Number of protein chains: 2
Amino acid sequence: MQARIERYVEPALLLLLSEGASHGYELADQMANLLDVERVDYGNLYRLLRSLEGEGIVESEWNDELPGRSKRTYELTDQGRQLLDAWVTSLRAANESVSAFLQRYDERNT
Amino acid sequence: MQARIERYVEPALLLLLSEGASHGYELADQMANLLDVERVDYGNLYRLLRSLEGEGIVESEWNDELPGRSKRTYELTDQGRQLLDAWVTSLRAANESVSAFLQRYDERNT
DNA sequence: TTGACATATATGTCAACAACATATATGTTA
DNA sequence: TAACATATATGTTGTTGACATATATGTCAA
């Protein structure tokens with residue numbers, strides 16, 4: 001039993017990319033840090049990135065200039081920034097709903 | 001795109017039952033009110049109730065004393081109360097995670 | 001120089017969850 | 001007696017996330 005926001009990695013991804021372009025492997029680290037979890041699943045993250053690219057939310061290109069092997073670097077599109085804003089609005093509403101829930105619980109368990 | 005807590009109806013159900021025994025059809029109304037949604041899906045709610053009964057989280061019995069057709073009335077077990085407590089702990093953590101997320105977003109969008 | 005490990009990207013599989021449709025029984029009321 | 005509300009229940013399906021696996025390349029120590 002573990003309360004979880006459905007598709008939470010998606011807004012986390014958008015937020016991180018809104019702070020600067022990055023690539024999958026690095027995003028996974030940043031996200032684990034942001035969400036305070038052990039680590040996020042690489043496979044699903046890469047799939048999500050490709051899927052978002054298909055929808056015009058992010059854009060990518062291979063980057064060979066950094067040391068190490070080639071990285072596919074992603075950045076947000078304008079549409080992606082809009083989607084992040086929509087997520088934030090929605091997450092605020094969800095958070096208020098949960099706050100109301102917890103308050104109702106606490107009222108009966110003082 | 002709609003931020004949603006996974007299995008949110010479950011803790012909502014447990015909270016409502018912790019405030020008093022009830023039956024499925026009535027719980028659906030109370031829950032729509034609690035979660036501030038149009039309405040919850042009856043089918044999935046009844047299935048959830050049966051499933052929770054199988055796990056010893058709730059107990060039920062037919063109640064013919066009220067007017068109208070027979071109702072299967074559910075109440076929480078001790079195990080159910082413990083599960084509610086666990087949900088609350090977990091929801092608090094999730095809420096704090098989302099709060100941190102929103103704060104980080106707001107910092108860059110003042 | 002090779003073996004072990006970290007970095008980096010990617011696909012395959014599967015169970016669960018929620019959305020939506022449908023079925024059935026019974027009570028109420030116009 | 002027809003329409004509607006109450007009440008419980010099962011069937012079906014797409015999406016999501018957990019877990020497993022594959023592949024390529026860079027780094028570093030023995």
Side-chain angles (χ1 to χ4, degrees), chain A residues 1-13 16-17 21-33 35 37-55 57-74 87 90 94 97, chain B residues 1-14 16-17 21-32 35 37-55 57-74 87 90 94 97:
Chain A
M1 184 264 103
Q2 185 70 23
R4 244 190 48 246
I5 312 287
E6 201 187 8
R7 288 170 61 198
Y8 198 25
V9 291
E10 182 174 311
L13 199 60
L16 291 172
L17 286 176
S22 186
H23 60 278
Y25 196 80
E26 191 180 44
L27 283 163
D29 276 356
Q30 297 171 342
M31 201 174 326
N33 177 56
L35 302 184
V37 291
E38 191 75 29
R39 59 199 174 97
V40 299
D41 185 271
Y42 289 116
N44 294 330
L45 177 57
Y46 285 115
R47 241 191 303 247
L48 175 59
L49 282 164
R50 291 312 204 88
S51 161
L52 291 175
E53 184 161 32
E55 295 169 51
I57 307 300
V58 299
E59 279 172 355
S60 76
E61 57 178 7
W62 285 105
N63 182 348
D64 297 318
E65 284 159 28
L66 297 168
R69 64 161 288 189
S70 291
K71 297 152 191 51
R72 185 178 281 279
T73 298
Y74 289 88
W87 263 107
S90 186
S97 170
Chain B
M1 184 264 100
Q2 184 71 23
R4 243 190 48 247
I5 314 287
E6 200 187 10
R7 288 172 60 198
Y8 198 25
V9 291
E10 182 174 311
L13 199 60
L14 298 178
L16 291 172
L17 287 176
S22 186
H23 60 277
Y25 195 80
E26 192 179 43
L27 284 163
D29 274 358
Q30 297 171 342
M31 199 173 326
L35 302 184
V37 292
E38 191 74 31
R39 59 200 173 97
V40 298
D41 185 90
Y42 288 117
N44 293 331
L45 177 57
Y46 284 114
R47 240 190 304 245
L48 175 59
L49 283 165
R50 291 312 204 88
S51 162
L52 290 175
E53 185 162 32
E55 294 169 51
I57 308 301
V58 299
E59 279 173 356
S60 76
E61 56 178 7
W62 285 105
N63 182 348
D64 297 317
E65 284 160 28
L66 297 167
R69 63 161 287 190
S70 290
K71 296 152 192 51
R72 185 178 281 277
T73 298
Y74 288 88
W87 264 107
S90 185
S97 170

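Quick caveat: nothing in here was measured; it's all calculated off a predicted structure. Labels below follow one simple rule: chain letters A, B, ... track the order of the sequence lines, proteins then strands, and each chain is numbered from 1.
- Judged purely by atom type and a 3.5 angstrom limit, B:Q30 has no side-chain atom pairing as donor or acceptor with the backbone of B:L16.
- Put simply, chain A comes within 4.0 Å of DNA chain D, heavy atom to any atom, from D:dT16 to D:dG26, going 5' to 3'.
- Both A:E6 and A:T73 lie close to DNA chain C; mapped to their nearest nucleotides by heavy-atom distance, the more 5′-ward contact belongs to A:T73.
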request  = Start with the C-alpha gap between B:T73 and B:L66, add the side-chain angles, then the distance that decides, and say whether side-chain contact (heavy atoms from CB on, under 4.5 Å) holds.
outcome  = CA-CA 11 Å; B:T73 298; B:L66 297 167; 5.6 Å; no
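- Across all strands shown, D:dA29 forms a Watson-Crick or G-U wobble pair, both distances under 3.5 Å, with C:dT2.
- The heavy-atom pair separating B:S97 from A:L35 by the smallest distance is OG-O, 4.5 Å.
- Between B:L45 and B:G24, the shortest heavy-atom distance links the atoms CD2-O, 3.5 Å.
- Side chain of B:Y8 to main chain of A:A3: no donor-acceptor pair is present (N/O by atom type, distance under 3.5 Å, no hydrogens or angles).
- If you check C:dA23 for Watson-Crick or wobble pairing at under 3.5 angstrom, you find it paired to D:dT8.
- A donor-acceptor pair under 3.5 Å is absent between the side-chain atoms of B:Y46 and the main chain of B:D41, judged by distance alone.
- The stretch residues 37-46 of chain B touches DNA chain C through B:D41, B:N44, each having a heavy atom under 4.0 angstrom from the strand.
- Residue A:V58 forms a side chain to side chain contact (heavy atoms under 4.5 Å, CB included) with just one option from A:L48, A:L52, A:L13, and that option is A:L52.
- Of the two residues near DNA chain D, A:R4 and B:Y25, the one whose nearest nucleotide lies more 5' is B:Y25.
- Here the closest heavy-atom approach between residue B:Y74 and residue B:L17 is recorded as O-CD2, 3.5 Å.
- Comparing B:R47 and B:E26 by the nucleotide of DNA chain D whose heavy atom lies nearest to each, the residue mapping closer to the 5' end is B:E26.
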